[in-house]
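Below is one structure, written out as structure tokens; comments come after it.
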Amino acid sequence: MNVLASKSHDGVAVDLRDITHFYVNRGRCLPVVDRVGIQIHENQVAAIVGPSGCGKTTILRMIAGLLTPSCGNVWIHGQSPAVYLDLRKVSFMFQKPVLLPWRTVRENVLLPFELGPKRRGGADACRPAAADHWINVVGLDDFQDYYPHRLSGGMQSRAALARALATAPSLLLMDEPFGHLDELSRLRLNQELAAMHIESLPTIVLVTHSIEEAVLLADRVFVLSSCPARVSDVIDINIARPRPRHIVDSPAFQQYVKQTRSSLNEGCAS
């Protein structure tokens, strides 16, 4: 990857330029991502949808700086992902809550502060207050001393969300974080995430298999083709926020769902 110190971002939070990635297995090159270009503006919610195994998580890992693309450049606010990782300004929510079983909810929410580089005063001095704030926001203030095995799946996801937001990230990356939940719990967490985005305004990149979830949460939906992933369509969701739960039954919402599904089917066929 061509690494430069910085690049003017002009309000673009995430900028992927001609990203290509392949894995080598037994001497064979296996392409996963092919010349993907994605731009996401500050404070936007972007959803990435595509068929299973098409490279969605690979793209998310490259944005996070956990994986270096074979070709192309990744910028976060005009800087390399490593800069924002070091500043604790990127949070990653995985497909499962990944809570440490020997730590309470509060101790899990405080974990990013302990793992990241130490700071003098400032943010680190406020970390207990930040943890308590987000535990309260996600509705777990009565359960902050519980261990994960005593929580339901939805409550574990709430704890993981509080942990992701406690460091006040400018970029929140989410890899199907609610995919393991039942439909009702998932819808509730979607509504809570939407409300939290209005409060803290991070840029959010969400990978999801749920078209309804993508349309409900996102300002833009990036539709990927079958592997190797290419961007086959970009759909702007022009539905005003906040989006109440009943919006899913509206004609406008259903039209976006239909459009996204059609683009996804076309991308899979190409």
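The shown structure was predicted, so the numbers you read here are calculated from the model rather than taken from an experiment.
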Scanning both residues in full, the closest heavy-atom pair of V33 with M62 reads CG2-CE, 4.2 Å
Distance check, rounded to the nearest 0.5 Å: I235 atom CD1 versus D219 atom CG? 13.5 Å
Worked check of side-chain contact (heavy atoms from CB on, under 4.5 Å) between M155 and S157: CA-CA 5 Å; M155 293 167 75; S157 293; over 6 Å; no
Would you call R103 and E114 a salt bridge, using N to O less than 4.0 angstrom? yes
Is the shortest heavy-atom distance from the side chain of P97 to the side chain of H180 under 4.5 Å? yes
Any side-chain heavy-atom pair from V207 and M174 closer than 4.5 angstrom? no
Enter the distance from L30:CG to H21:NE2 here, rounded to the nearest 0.5 Å. 10.5 Å
H149 vs Y147 aromatic rings, parallel, tilted or perpendicular, using cut-offs 30° and 60°? parallel
Any residue meeting side chain to side chain donor-acceptor pair (under 3.5 Å) with T57, in chain and number order, not counting sequence neighbours: D175
Counting C-beta onward and ignoring hydrogens, is there a side-chain heavy-atom pair between F178 and L193 closer than 4.5 Å? yes
For D236, enumerate each residue passing the side chain to side chain donor-acceptor pair (under 3.5 Å) test, keeping only those at least two apart in sequence or located in another chain. R220
Should the pair R158-E192 be classified as a salt bridge under the 4.0 Å nitrogen-to-oxygen rule? yes
Which pair of non-hydrogen atoms, one from F113 and one from A130, has the smallest distance, and what is that distance? CZ-CB, 4.4 Å
Indicate yes or no for a side-chain donor-acceptor contact from Q95 to the backbone of G179 under 3.5 Å, with no hydrogens or angles considered. no
Minimum side-chain heavy-atom gap I198-P242 below 4.5 Å: yes
Closest contact, heavy atoms only, L99 versus A159: CD1-CB, 4.0 Å
Go through the steps for V74 and D15 under the test side-chain contact (heavy atoms from CB on, under 4.5 Å), then give the verdict. CA-CA 6 Å; V74 179; D15 190 358; over 6 Å; no
Cluster overlap I63 with L206, hydrophobic side-chain contacts below 4.5 Å: no
Indicate if F92 and I76 have the same hydrophobic cluster label, given that clusters are the connected sets of ILVMFWY residues with side-chain heavy-atom separations under 4.5 angstrom. yes
dist L165:CG -> H197:NE2 (nearest 0.5 Å) comes out at 10.5 Å
Compare every heavy atom of L224 with every heavy atom of V231, then report the nearest pair and how far apart it is. CG2-CD2, 3.9 Å
Determine, step by step, whether T58 and L67 satisfy the side-chain contact (heavy atoms from CB on, under 4.5 Å) criterion, reporting the C-alpha distance in whole Å, the side-chain angles of both residues, the deciding distance to 0.1 Å, and the verdict. CA-CA 8 Å; T58 297; L67 185 65; 3.7 Å; yes
R150 NZ/CZ over Y146 ring centroid, <6.0 Å and within 45° of normal: yes
Return the CG to CG distance between L217 and N190, rounded to the nearest 0.5 Å. 4.5 Å
Between G65 and P81, which heavy-atom pair has the shortest distance, and what is it? CA-CB, 3.6 Å
Pairs in or reaching into residues 250-261: which pass side-chain hydrogen bond (donor to acceptor under 3.5 Å, both in side chains), with residues at least two apart or in two chains? E212-R261
Count I, L, V, M, F, W, Y as connected when their side-chain heavy atoms are under 4.5 Å apart, and connections chain through other members. Are V45 and V49 then in the same cluster? no
Sub-3.5 Å donor-acceptor pair from the side chain of R28 to the main-chain atoms of Y23, do we have one? no
Under a 4.5 Å side-chain heavy-atom rule over Ile, Leu, Val, Met, Phe, Trp and Tyr, are V83 and L60 clustered together? yes
Apply side-chain contact (heavy atoms from CB on, under 4.5 Å) to the pair Q144 and T104, showing each step before the final yes or no. CA-CA 7 Å; Q144 62 178 327; T104 65; over 6 Å; no
Rounded at 0.5 Å granularity, tell me how far CG in L187 sits from CG in L216. 6.5 Å
Does the side chain of L16 reach to within under 4.5 Å of the side chain of Q39, using non-hydrogen atoms? no
Distance from K56 atom NZ to C54 atom SG, nearest 0.5 Å? 4.0 Å
Would you mind reporting whether P202 and N43 have side-chain heavy atoms less than 4.5 Å apart? no
Step by step, work out the side chain to side chain donor-acceptor pair (under 3.5 Å) result for S185 and D182. CA-CA 5 Å; S185 296; D182 62 87; 2.9 Å; yes
The salt bridge (Lys or Arg N to Asp or Glu O under 4.0 Å) partners of R186 (sequence neighbours excluded) come to E213
Please determine whether a side-chain nitrogen of the Lys or Arg among R230 and D34 lies less than 4.0 Å from a carboxylate oxygen of the Asp or Glu. yes
Please check if the side chain of T208 supplies one atom and the backbone of A214 the other of a donor-acceptor pair under 3.5 Å. no
Under the salt bridge (Lys or Arg N to Asp or Glu O under 4.0 Å) test, residues paired with D233 that sit two or more places apart: none
Within-4.5 Å side-chain heavy-atom neighbours: E42 and V12: no
Name all residues meeting the side chain to side chain donor-acceptor pair (under 3.5 Å) criterion together with D141; count only those two or more places apart in sequence or in a different chain, and write none if there are none. none
Could you report the tightest heavy-atom contact between V221 and A218, atom names first, then the distance? CG2-CB, 4.0 Å
Below 4.5 Å, heavy atoms only, C-beta onward: do V223 and V234 meet side chain to side chain? no
